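Only one structure is covered here, and it is reproduced in the block below.
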There are 2 protein chains.
Amino acid sequence: MADSGNNFVSLAVYNRMPVYLKALLALKRDGKKFVSSVILADYVRENPSLVKKDLSYAITSVGKPKVGYDIDSLILDVENFLGYNNVKDAVLVGVGKLGQALMGYHGFDKYGLNIVAGFDIDDNVIGKVFNGKKVFPTDSLAGLVSKLNIKIGILTTPQDHAQPMADLLVQSGIRAIWNFTPVHLALPDSVAVKNEDMASSLAILSKQLKEILFKESN
Amino acid sequence: MADSGNNFVSLAVYNRMPVYLKALLALKRDGKKFVSSVILADYVRENPSLVKKDLSYAITSVGKPKVGYDIDSLILDVENFLGYNNVKDAVLVGVGKLGQALMGYHGFDKYGLNIVAGFDIDDNVIGKVFNGKKVFPTDSLAGLVSKLNIKIGILTTPQDHAQPMADLLVQSGIRAIWNFTPVHLALPDSVAVKNEDMASSLAILSKQLKEILFKESN
DNA sequence: TCCCTATCGATATTTTTTTATCGATATAAT
DNA sequence: ATTATATCGATAAAAAAATATCGATAGGGA
(Lines give C-alpha, C1' and ligand atoms only; values in the text may rest on other atoms or scores of the structure.)
Protein backbone atom coordinates (compact mmCIF):
# COMPACT_ATOMS: atom_id res chain seq x y z
CA MET A 1 0.00 0.00 0.00
CA ALA A 2 1.06 3.57 -0.57
CA ASP A 3 2.84 5.42 2.18
CA SER A 4 0.40 7.97 3.43
CA GLY A 5 1.57 10.52 5.90
CA ASN A 6 4.81 9.91 7.69
CA ASN A 7 5.61 6.18 7.90
CA PHE A 8 9.35 5.90 7.72
CA VAL A 9 10.80 5.08 4.35
CA SER A 10 14.56 4.91 4.14
CA LEU A 11 16.67 7.21 2.00
CA ALA A 12 17.89 4.19 0.05
CA VAL A 13 14.35 3.69 -1.22
CA TYR A 14 14.19 7.32 -2.30
CA ASN A 15 17.45 6.84 -4.15
CA ARG A 16 16.22 3.78 -6.03
CA MET A 17 12.71 4.98 -6.83
CA PRO A 18 13.70 7.36 -9.65
CA VAL A 19 15.79 4.55 -11.13
CA TYR A 20 12.73 2.32 -11.24
CA LEU A 21 10.79 5.16 -12.80
CA LYS A 22 13.33 5.60 -15.58
CA ALA A 23 13.19 1.87 -16.27
CA LEU A 24 9.39 1.87 -16.31
CA LEU A 25 9.29 4.76 -18.77
CA ALA A 26 11.76 2.94 -21.01
CA LEU A 27 9.66 -0.25 -20.87
CA LYS A 28 6.54 1.75 -21.69
CA ARG A 29 8.30 3.27 -24.70
CA ASP A 30 9.03 -0.28 -25.82
CA GLY A 31 5.31 -0.95 -25.83
CA LYS A 32 5.24 -3.13 -22.72
CA LYS A 33 2.05 -3.16 -20.65
CA PHE A 34 3.17 -5.22 -17.64
CA VAL A 35 6.43 -5.81 -15.86
CA SER A 36 7.43 -8.30 -13.18
CA SER A 37 9.75 -7.63 -10.28
CA VAL A 38 12.25 -10.02 -11.87
CA ILE A 39 12.42 -8.11 -15.16
CA LEU A 40 12.59 -4.75 -13.41
CA ALA A 41 15.23 -5.98 -10.98
CA ASP A 42 17.32 -7.26 -13.84
CA TYR A 43 17.03 -3.91 -15.58
CA VAL A 44 18.18 -1.86 -12.62
CA ARG A 45 20.55 -4.52 -11.26
CA GLU A 46 18.85 -5.11 -7.96
CA ASN A 47 17.26 -8.07 -6.23
CA PRO A 48 13.62 -8.88 -7.12
CA SER A 49 12.63 -9.02 -3.44
CA LEU A 50 14.06 -5.58 -2.94
CA VAL A 51 12.17 -4.26 -5.94
CA LYS A 52 8.92 -5.71 -4.63
CA LYS A 53 9.47 -4.22 -1.20
CA ASP A 54 10.45 -0.82 -2.61
CA LEU A 55 7.47 -0.66 -4.94
CA SER A 56 5.15 -1.59 -2.08
CA TYR A 57 5.79 1.87 -0.62
CA ALA A 58 4.46 3.56 -3.74
CA ILE A 59 1.89 1.21 -5.16
CA THR A 60 -1.87 1.77 -4.87
CA SER A 61 -3.14 -1.32 -6.70
CA VAL A 62 -1.94 -4.90 -6.48
CA GLY A 63 0.26 -6.68 -8.98
CA LYS A 64 -1.05 -9.78 -10.72
CA PRO A 65 0.51 -13.19 -10.20
CA LYS A 66 2.06 -14.61 -13.36
CA VAL A 67 1.96 -11.17 -15.02
CA GLY A 68 3.44 -8.56 -12.74
CA TYR A 69 2.56 -4.90 -12.38
CA ASP A 70 0.58 -2.67 -14.72
CA ILE A 71 3.23 -0.29 -16.01
CA ASP A 72 1.00 2.73 -16.58
CA SER A 73 -0.47 2.63 -13.13
CA LEU A 74 2.92 1.93 -11.56
CA ILE A 75 4.43 4.96 -13.27
CA LEU A 76 1.70 7.14 -11.83
CA ASP A 77 2.21 5.64 -8.37
CA VAL A 78 5.96 6.18 -8.40
CA GLU A 79 5.65 9.72 -9.74
CA ASN A 80 3.13 10.37 -7.03
CA PHE A 81 5.40 8.90 -4.36
CA LEU A 82 8.23 11.14 -5.57
CA GLY A 83 5.99 14.17 -5.51
CA TYR A 84 6.27 14.90 -9.23
CA ASN A 85 2.65 15.94 -9.42
CA ASN A 86 2.58 18.66 -6.77
CA VAL A 87 4.56 21.64 -7.96
CA LYS A 88 7.27 22.95 -5.65
CA ASP A 89 8.46 26.50 -6.17
CA ALA A 90 12.11 27.35 -5.61
CA VAL A 91 14.56 30.21 -5.91
CA LEU A 92 18.12 29.90 -7.13
CA VAL A 93 21.01 31.92 -5.73
CA GLY A 94 24.21 32.34 -7.73
CA VAL A 95 23.58 32.64 -11.46
CA GLY A 96 26.96 31.53 -12.82
CA LYS A 97 27.44 28.81 -15.42
CA LEU A 98 26.02 26.13 -13.16
CA GLY A 99 23.15 28.31 -11.99
CA GLN A 100 22.31 29.13 -15.60
CA ALA A 101 22.45 25.46 -16.51
CA LEU A 102 19.98 24.62 -13.76
CA MET A 103 17.69 27.54 -14.58
CA GLY A 104 17.70 26.42 -18.19
CA TYR A 105 17.12 22.75 -17.45
CA HIS A 106 13.69 21.73 -18.69
CA GLY A 107 13.78 18.40 -16.87
CA PHE A 108 12.85 19.99 -13.54
CA ASP A 109 9.28 20.56 -14.74
CA LYS A 110 8.91 16.81 -14.87
CA TYR A 111 10.04 16.51 -11.24
CA GLY A 112 7.54 19.14 -10.14
CA LEU A 113 10.24 21.70 -9.43
CA ASN A 114 9.62 25.23 -10.60
CA ILE A 115 12.47 27.70 -10.32
CA VAL A 116 10.66 30.99 -9.91
CA ALA A 117 13.62 33.34 -10.12
CA GLY A 118 17.39 33.65 -9.90
CA PHE A 119 19.35 35.96 -7.63
CA ASP A 120 22.87 37.33 -7.98
CA ILE A 121 25.03 40.27 -6.96
CA ASP A 122 26.61 40.67 -10.39
CA ASP A 123 25.14 43.47 -12.53
CA ASN A 124 26.13 41.53 -15.65
CA VAL A 125 23.50 38.88 -15.00
CA ILE A 126 20.90 40.86 -13.05
CA GLY A 127 17.96 41.54 -15.31
CA LYS A 128 18.80 38.71 -17.68
CA VAL A 129 16.28 35.97 -18.36
CA PHE A 130 17.05 32.27 -18.57
CA ASN A 131 14.35 29.89 -19.69
CA GLY A 132 11.75 32.50 -18.84
CA LYS A 133 13.10 33.05 -15.32
CA LYS A 134 14.48 36.47 -14.45
CA VAL A 135 17.56 37.27 -12.38
CA PHE A 136 17.12 39.75 -9.53
CA PRO A 137 19.58 41.38 -7.11
CA THR A 138 19.98 39.47 -3.86
CA ASP A 139 18.54 42.46 -1.96
CA SER A 140 15.13 41.53 -3.26
CA LEU A 141 15.37 37.88 -2.27
CA ALA A 142 13.75 38.07 1.16
CA GLY A 143 10.77 40.00 -0.16
CA LEU A 144 9.99 37.63 -2.99
CA VAL A 145 10.54 34.47 -0.95
CA SER A 146 8.21 35.54 1.84
CA LYS A 147 5.61 37.02 -0.53
CA LEU A 148 5.38 33.80 -2.56
CA ASN A 149 5.91 31.62 0.53
CA ILE A 150 8.73 29.72 -1.17
CA LYS A 151 10.32 26.91 0.86
CA ILE A 152 13.13 25.62 -1.38
CA GLY A 153 16.40 27.36 -2.23
CA ILE A 154 19.01 26.19 -4.71
CA LEU A 155 22.52 27.31 -3.85
CA THR A 156 24.98 27.68 -6.74
CA THR A 157 27.21 30.51 -5.58
CA PRO A 158 30.99 30.59 -5.41
CA GLN A 159 32.33 28.99 -2.23
CA ASP A 160 32.88 32.16 -0.27
CA HIS A 161 29.29 33.31 -0.71
CA ALA A 162 27.72 29.96 0.15
CA GLN A 163 27.31 30.39 3.92
CA PRO A 164 26.19 34.04 3.86
CA MET A 165 23.68 33.33 1.10
CA ALA A 166 22.44 30.22 2.93
CA ASP A 167 21.92 32.41 5.99
CA LEU A 168 19.99 34.91 3.89
CA LEU A 169 17.83 32.13 2.47
CA VAL A 170 17.02 30.86 5.95
CA GLN A 171 16.24 34.36 7.25
CA SER A 172 13.90 34.81 4.31
CA GLY A 173 11.91 31.73 5.25
CA ILE A 174 13.52 29.02 3.11
CA ARG A 175 13.26 25.61 4.81
CA ALA A 176 15.12 23.37 2.36
CA ILE A 177 18.45 24.06 0.65
CA TRP A 178 19.79 22.15 -2.32
CA ASN A 179 23.48 22.85 -1.97
CA PHE A 180 25.61 22.58 -5.11
CA THR A 181 28.61 24.26 -3.50
CA PRO A 182 31.35 22.17 -1.88
CA VAL A 183 30.81 23.99 1.40
CA HIS A 184 29.69 22.40 4.67
CA LEU A 185 26.80 24.66 5.61
CA ALA A 186 26.07 25.43 9.24
CA LEU A 187 22.30 25.58 9.49
CA PRO A 188 19.59 25.13 12.12
CA ASP A 189 17.85 21.76 12.46
CA SER A 190 14.69 23.34 11.16
CA VAL A 191 16.19 23.53 7.67
CA ALA A 192 16.68 20.52 5.40
CA VAL A 193 19.87 20.31 3.37
CA LYS A 194 20.81 18.10 0.45
CA ASN A 195 24.41 18.41 -0.58
CA GLU A 196 25.09 17.62 -4.20
CA ASP A 197 28.45 16.21 -3.32
CA MET A 198 30.71 15.93 -6.37
CA ALA A 199 33.59 14.78 -4.17
CA SER A 200 31.64 11.73 -2.99
CA SER A 201 30.41 10.88 -6.45
CA LEU A 202 33.86 11.10 -7.91
CA ALA A 203 35.35 9.06 -5.08
CA ILE A 204 32.77 6.32 -5.65
CA LEU A 205 33.35 6.33 -9.39
CA SER A 206 37.11 6.05 -8.86
CA LYS A 207 36.64 3.22 -6.40
CA GLN A 208 34.45 1.32 -8.84
CA LEU A 209 36.88 1.90 -11.67
CA LYS A 210 39.72 0.65 -9.51
CA GLU A 211 37.72 -2.46 -8.60
CA ILE A 212 36.91 -3.22 -12.23
CA LEU A 213 40.51 -2.84 -13.35
CA PHE A 214 41.69 -4.84 -10.33
CA LYS A 215 39.29 -7.70 -11.09
CA GLU A 216 40.55 -7.89 -14.67
CA SER A 217 44.19 -7.96 -13.69
CA ASN A 218 43.61 -11.12 -11.63
CA MET B 1 45.05 0.78 9.52
CA ALA B 2 44.72 2.08 5.97
CA ASP B 3 42.92 -0.04 3.43
CA SER B 4 45.57 -1.28 1.06
CA GLY B 5 44.50 -3.05 -2.09
CA ASN B 6 40.97 -4.29 -2.30
CA ASN B 7 39.47 -4.95 1.13
CA PHE B 8 35.83 -4.11 0.85
CA VAL B 9 34.78 -0.71 2.08
CA SER B 10 31.13 0.16 1.70
CA LEU B 11 29.82 2.98 -0.45
CA ALA B 12 28.38 4.62 2.65
CA VAL B 13 31.93 5.13 3.90
CA TYR B 14 32.89 6.71 0.59
CA ASN B 15 29.93 9.02 0.89
CA ARG B 16 30.87 10.16 4.38
CA MET B 17 34.59 10.48 3.90
CA PRO B 18 34.49 13.75 1.95
CA VAL B 19 32.21 15.16 4.63
CA TYR B 20 34.79 14.37 7.30
CA LEU B 21 37.43 15.96 5.10
CA LYS B 22 35.48 19.19 4.81
CA ALA B 23 35.04 19.27 8.57
CA LEU B 24 38.74 18.61 9.15
CA LEU B 25 39.73 21.43 6.81
CA ALA B 26 37.36 23.78 8.61
CA LEU B 27 38.79 22.78 12.00
CA LYS B 28 42.31 23.29 10.67
CA ARG B 29 41.36 26.78 9.47
CA ASP B 30 40.16 27.46 13.01
CA GLY B 31 43.67 26.67 14.24
CA LYS B 32 42.83 23.33 15.81
CA LYS B 33 45.62 20.74 15.94
CA PHE B 34 43.71 17.71 17.25
CA VAL B 35 40.17 16.48 16.98
CA SER B 36 38.32 13.70 18.78
CA SER B 37 35.73 11.40 17.25
CA VAL B 38 33.13 13.05 19.47
CA ILE B 39 33.80 16.55 18.17
CA LEU B 40 33.98 15.39 14.56
CA ALA B 41 30.82 13.33 14.93
CA ASP B 42 29.01 16.30 16.36
CA TYR B 43 30.16 18.45 13.47
CA VAL B 44 28.96 16.08 10.76
CA ARG B 45 25.97 14.80 12.74
CA GLU B 46 27.02 11.19 12.99
CA ASN B 47 27.73 8.78 15.80
CA PRO B 48 31.27 8.85 17.30
CA SER B 49 31.63 5.09 16.93
CA LEU B 50 30.80 5.37 13.27
CA VAL B 51 33.33 8.14 12.82
CA LYS B 52 36.02 6.05 14.49
CA LYS B 53 35.24 3.04 12.33
CA ASP B 54 35.11 5.10 9.14
CA LEU B 55 38.39 6.85 9.86
CA SER B 56 40.03 3.50 10.61
CA TYR B 57 39.81 2.72 6.88
CA ALA B 58 41.89 5.76 6.00
CA ILE B 59 44.16 6.32 8.95
CA THR B 60 47.87 5.43 8.93
CA SER B 61 48.82 6.53 12.45
CA VAL B 62 46.99 5.98 15.72
CA GLY B 63 44.92 8.53 17.55
CA LYS B 64 45.89 9.54 21.07
CA PRO B 65 43.70 8.82 24.06
CA LYS B 66 42.41 11.94 25.78
CA VAL B 67 43.39 14.06 22.73
CA GLY B 68 42.08 12.51 19.54
CA TYR B 69 43.53 12.54 16.06
CA ASP B 70 46.23 14.78 14.61
CA ILE B 71 44.28 16.88 12.14
CA ASP B 72 47.08 17.48 9.65
CA SER B 73 47.95 13.84 9.35
CA LEU B 74 44.30 12.83 9.23
CA ILE B 75 43.64 15.22 6.36
CA LEU B 76 46.48 13.65 4.40
CA ASP B 77 45.17 10.16 5.15
CA VAL B 78 41.62 10.95 4.07
CA GLU B 79 42.77 12.72 0.92
CA ASN B 80 44.92 9.73 0.16
CA PHE B 81 42.03 7.36 0.77
CA LEU B 82 39.87 9.36 -1.62
CA GLY B 83 42.59 9.37 -4.25
CA TYR B 84 43.03 13.14 -4.31
CA ASN B 85 46.77 12.80 -4.74
CA ASN B 86 46.90 10.65 -7.85
CA VAL B 87 45.71 12.62 -10.83
CA LYS B 88 42.96 11.08 -12.93
CA ASP B 89 42.56 12.37 -16.47
CA ALA B 90 39.10 12.62 -17.97
CA VAL B 91 37.30 13.81 -21.07
CA LEU B 92 33.97 15.60 -21.10
CA VAL B 93 31.32 15.08 -23.77
CA GLY B 94 28.61 17.69 -24.31
CA VAL B 95 29.84 21.25 -23.80
CA GLY B 96 26.57 23.00 -23.02
CA LYS B 97 26.02 25.18 -19.98
CA LEU B 98 26.54 22.32 -17.55
CA GLY B 99 29.56 21.00 -19.45
CA GLN B 100 31.07 24.47 -19.44
CA ALA B 101 30.40 24.81 -15.74
CA LEU B 102 32.21 21.55 -15.04
CA MET B 103 35.11 22.39 -17.38
CA GLY B 104 35.46 25.71 -15.62
CA TYR B 105 35.21 24.34 -12.11
CA HIS B 106 38.56 24.72 -10.35
CA GLY B 107 37.58 22.47 -7.46
CA PHE B 108 38.25 19.31 -9.47
CA ASP B 109 42.01 19.91 -9.26
CA LYS B 110 41.70 19.40 -5.54
CA TYR B 111 40.00 16.04 -6.07
CA GLY B 112 42.73 14.89 -8.45
CA LEU B 113 40.47 15.12 -11.48
CA ASN B 114 41.90 16.69 -14.61
CA ILE B 115 39.54 17.33 -17.50
CA VAL B 116 41.85 17.09 -20.49
CA ALA B 117 39.43 18.21 -23.19
CA GLY B 118 35.80 18.73 -24.10
CA PHE B 119 33.96 17.26 -27.08
CA ASP B 120 30.86 18.43 -28.90
CA ILE B 121 29.15 18.31 -32.27
CA ASP B 122 28.21 21.99 -32.27
CA ASP B 123 30.49 24.22 -34.38
CA ASN B 124 29.64 27.13 -32.08
CA VAL B 125 31.62 25.61 -29.22
CA ILE B 126 34.20 23.53 -31.10
CA GLY B 127 37.53 25.30 -30.89
CA LYS B 128 36.56 27.32 -27.83
CA VAL B 129 38.61 27.11 -24.66
CA PHE B 130 37.20 26.88 -21.13
CA ASN B 131 39.56 27.08 -18.19
CA GLY B 132 42.44 26.18 -20.49
CA LYS B 133 40.68 23.11 -21.88
CA LYS B 134 39.85 23.05 -25.57
CA VAL B 135 36.67 21.73 -27.20
CA PHE B 136 37.12 19.25 -30.08
CA PRO B 137 34.65 17.61 -32.46
CA THR B 138 33.41 14.23 -31.27
CA ASP B 139 35.06 12.59 -34.32
CA SER B 140 38.41 13.08 -32.65
CA LEU B 141 37.34 11.60 -29.29
CA ALA B 142 38.42 7.99 -29.88
CA GLY B 143 41.87 9.01 -31.06
CA LEU B 144 42.62 11.25 -28.11
CA VAL B 145 41.21 8.90 -25.48
CA SER B 146 43.22 5.93 -26.68
CA LYS B 147 46.37 7.97 -27.27
CA LEU B 148 46.33 9.40 -23.75
CA ASN B 149 44.92 6.18 -22.27
CA ILE B 150 42.12 8.05 -20.54
CA LYS B 151 39.74 5.96 -18.46
CA ILE B 152 37.13 8.45 -17.22
CA GLY B 153 34.41 10.13 -19.27
CA ILE B 154 32.04 12.84 -18.07
CA LEU B 155 28.71 12.83 -19.86
CA THR B 156 26.84 16.16 -20.06
CA THR B 157 25.01 15.87 -23.38
CA PRO B 158 21.32 16.42 -24.07
CA GLN B 159 19.23 13.34 -23.32
CA ASP B 160 18.98 12.02 -26.85
CA HIS B 161 22.74 11.96 -27.31
CA ALA B 162 23.53 10.30 -23.98
CA GLN B 163 23.43 6.64 -25.00
CA PRO B 164 25.20 7.05 -28.38
CA MET B 165 27.92 9.16 -26.78
CA ALA B 166 28.27 6.68 -23.92
CA ASP B 167 28.71 3.94 -26.51
CA LEU B 168 31.36 6.01 -28.27
CA LEU B 169 33.18 6.56 -24.98
CA VAL B 170 33.19 2.83 -24.26
CA GLN B 171 34.37 1.97 -27.76
CA SER B 172 37.18 4.46 -27.31
CA GLY B 173 38.41 2.71 -24.18
CA ILE B 174 36.68 4.67 -21.40
CA ARG B 175 36.04 2.46 -18.35
CA ALA B 176 34.19 4.83 -16.02
CA ILE B 177 31.37 7.21 -16.89
CA TRP B 178 30.17 10.04 -14.69
CA ASN B 179 26.66 10.49 -16.02
CA PHE B 180 25.04 13.89 -15.52
CA THR B 181 22.18 13.15 -17.92
CA PRO B 182 18.89 11.77 -16.61
CA VAL B 183 19.23 8.76 -18.89
CA HIS B 184 19.52 5.14 -17.76
CA LEU B 185 22.61 4.03 -19.68
CA ALA B 186 22.89 0.48 -21.00
CA LEU B 187 26.55 -0.42 -20.61
CA PRO B 188 28.69 -3.54 -20.22
CA ASP B 189 29.69 -4.71 -16.75
CA SER B 190 33.27 -3.79 -17.55
CA VAL B 191 32.38 -0.10 -17.31
CA ALA B 192 31.70 1.72 -14.05
CA VAL B 193 28.87 4.26 -13.97
CA LYS B 194 28.00 6.92 -11.46
CA ASN B 195 24.72 8.63 -12.11
CA GLU B 196 24.49 12.17 -10.80
CA ASP B 197 20.83 11.74 -10.13
CA MET B 198 19.08 15.05 -9.65
CA ALA B 199 15.72 13.30 -9.39
CA SER B 200 16.87 11.31 -6.35
CA SER B 201 18.44 14.32 -4.70
CA LEU B 202 15.36 16.41 -5.16
CA ALA B 203 13.10 13.62 -3.93
CA ILE B 204 15.20 13.27 -0.79
CA LEU B 205 15.20 17.01 -0.18
CA SER B 206 11.41 17.15 -0.59
CA LYS B 207 10.97 14.24 1.77
CA GLN B 208 13.14 15.91 4.41
CA LEU B 209 11.32 19.20 3.99
CA LYS B 210 8.00 17.43 4.36
CA GLU B 211 9.22 15.69 7.53
CA ILE B 212 10.42 18.94 9.06
CA LEU B 213 7.18 20.76 8.33
CA PHE B 214 5.20 17.74 9.54
CA LYS B 215 7.13 17.60 12.81
CA GLU B 216 6.44 21.28 13.46
CA SER B 217 2.73 20.99 12.82
CA ASN B 218 2.40 18.41 15.59
C1' DT C 1 -11.52 -28.58 -17.41
C1' DC C 2 -7.52 -29.34 -14.82
C1' DC C 3 -2.88 -29.06 -14.06
C1' DC C 4 1.52 -26.44 -14.33
C1' DT C 5 4.06 -22.35 -13.72
C1' DA C 6 5.28 -17.55 -12.93
C1' DT C 7 4.46 -14.23 -9.98
C1' DC C 8 2.71 -11.59 -6.00
C1' DG C 9 2.70 -10.26 -1.14
C1' DA C 10 3.85 -11.46 3.39
C1' DT C 11 7.17 -12.99 6.41
C1' DA C 12 11.38 -15.31 7.93
C1' DT C 13 16.24 -15.39 7.49
C1' DT C 14 20.56 -13.55 6.56
C1' DT C 15 23.67 -9.98 5.95
C1' DT C 16 25.22 -5.50 6.58
C1' DT C 17 25.55 -1.38 9.02
C1' DT C 18 25.35 1.26 12.99
C1' DT C 19 25.71 1.90 17.85
C1' DA C 20 27.23 0.71 22.54
C1' DT C 21 30.49 -1.21 25.67
C1' DC C 22 34.86 -1.84 27.73
C1' DG C 23 39.84 -2.34 28.85
C1' DA C 24 44.04 0.28 27.98
C1' DT C 25 46.39 4.58 28.12
C1' DA C 26 47.92 9.43 27.52
C1' DT C 27 47.22 13.81 29.56
C1' DA C 28 45.89 17.12 33.00
C1' DA C 29 44.91 18.34 37.64
C1' DT C 30 45.74 17.91 42.47
C1' DA D 1 53.64 11.26 42.21
C1' DT D 2 49.05 9.98 42.22
C1' DT D 3 44.51 10.18 40.64
C1' DA D 4 40.79 11.27 37.62
C1' DT D 5 39.14 11.41 33.01
C1' DA D 6 38.71 11.71 28.05
C1' DT D 7 39.68 9.18 24.43
C1' DC D 8 41.19 5.36 21.45
C1' DG D 9 40.65 0.82 19.28
C1' DA D 10 38.58 -3.55 19.45
C1' DT D 11 34.63 -6.08 19.86
C1' DA D 12 29.95 -7.13 21.21
C1' DA D 13 25.18 -5.94 20.66
C1' DA D 14 21.47 -3.87 18.32
C1' DA D 15 19.21 -2.12 14.45
C1' DA D 16 18.38 -1.82 9.77
C1' DA D 17 18.49 -3.43 5.22
C1' DA D 18 18.61 -6.85 1.82
C1' DT D 19 17.54 -11.41 0.40
C1' DA D 20 15.20 -15.91 0.46
C1' DT D 21 11.23 -18.62 1.26
C1' DC D 22 6.56 -19.93 0.87
C1' DG D 23 1.45 -20.14 0.44
C1' DA D 24 -1.95 -18.20 -2.64
C1' DT D 25 -3.48 -17.33 -7.22
C1' DA D 26 -4.05 -15.77 -12.09
C1' DG D 27 -3.19 -17.22 -16.66
C1' DG D 28 -1.65 -20.49 -20.23
C1' DG D 29 -1.48 -25.02 -22.19
C1' DA D 30 -2.63 -30.05 -22.33
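Keep in mind the model is a prediction, meaning the values are calculated, not measured. Within every chain, numbering begins at 1; the chains are lettered A, B, ... in the order of the sequence lines, protein sequences first and strands thereafter.
Considering all non-hydrogen atoms of both residues, A:Ser172 and A:Leu141 come closest at OG-CD2, 3.5 Å.
Contact check of residues 65-74 of chain A against DNA chain D (heavy atom, cut-off under 4.0 Å) returns A:Pro65, A:Lys66, A:Val67.
OP1 or OP2 of C:dA10 has not a single side-chain nitrogen or oxygen of A:Ser56 nearer than 4.0 Å. Taking side-chain N and O atoms only, B:Ser36 has no distance below 4.0 Å to OP1 or OP2 of D:dC8. The shortest distance between the side-chain N/O atoms of B:Arg16 and the OP1/OP2 oxygens of C:dT18 is below 4.0 Å. A close approach under 4.0 Å does occur between a side-chain nitrogen or oxygen of B:Lys64 and OP1 or OP2 of C:dT27.
Look at CG on A:Asp54: it is 14 Å from C1' on D:dA16, rounded to the nearest Å. If you take CG of A:Asn47 and C1' of C:dT13, they are 13 Å apart, rounded to a whole angstrom. The distance from atom CG of B:Leu50 to atom P of C:dT21 is 16 Å, rounded to the nearest whole Å. Rounded to a whole Å, the CE atom of A:Met17 is 15 Å from the C1' atom of D:dA17. To the nearest angstrom, P of D:dT7 lies 12 Å from CG of B:Asp42. Across the protein-nucleic acid pair, A:Phe34 atom CZ and D:dG27 atom P stand 8 Å apart, rounded to whole Å. Residue A:Leu40 contributes atom CG, which lies 12 Å from atom P of C:dT7 at whole-angstrom precision. Rounded to whole angstrom, the span from the NZ atom of A:Lys33 across to the P atom of D:dG27 amounts to 16 Å.
Here A:Trp178 and A:Tyr111 keep their ring centres 6.0 angstrom or further from each other.
Nearest to the side chain of A:Lys52, among D:dA18, D:dA12, C:dG9, sits C:dG9. Distances from the side chain of A:Val62 to the nucleotides C:dC8, C:dG9, C:dT17 place C:dG9 closest. Here the side chain of A:Ser37 is nearest to one of C:dA12, C:dC8, C:dA20, namely C:dC8.
Here the side chains of A:Leu168 and A:Phe119 are not in contact, with every heavy-atom distance at 4.5 Å or above. With a 4.5 Å cut-off on side-chain heavy atoms, B:Lys207 and A:Lys194 do not count as touching.
Between the A:Asn114 side chain and the A:Lys88 main chain, no donor and acceptor come within less than 3.5 Å of each other.
B:Asp167 and B:Gln163 share a donor-acceptor pair across their side chains, judged by distance under 3.5 Å alone. Counted by atom type alone, A:Gln159 and A:Thr181 present zero donor-acceptor pairs between their side chains at under 3.5 Å.
Closest-nucleotide positions on DNA chain D for B:Ile39 and B:Lys53 were compared, and the one nearer the 5' end corresponds to B:Ile39.
Checked by distance alone, B:Ser49 brings a side-chain donor or acceptor within 3.5 Å of a matching partner on the base of C:dA20.
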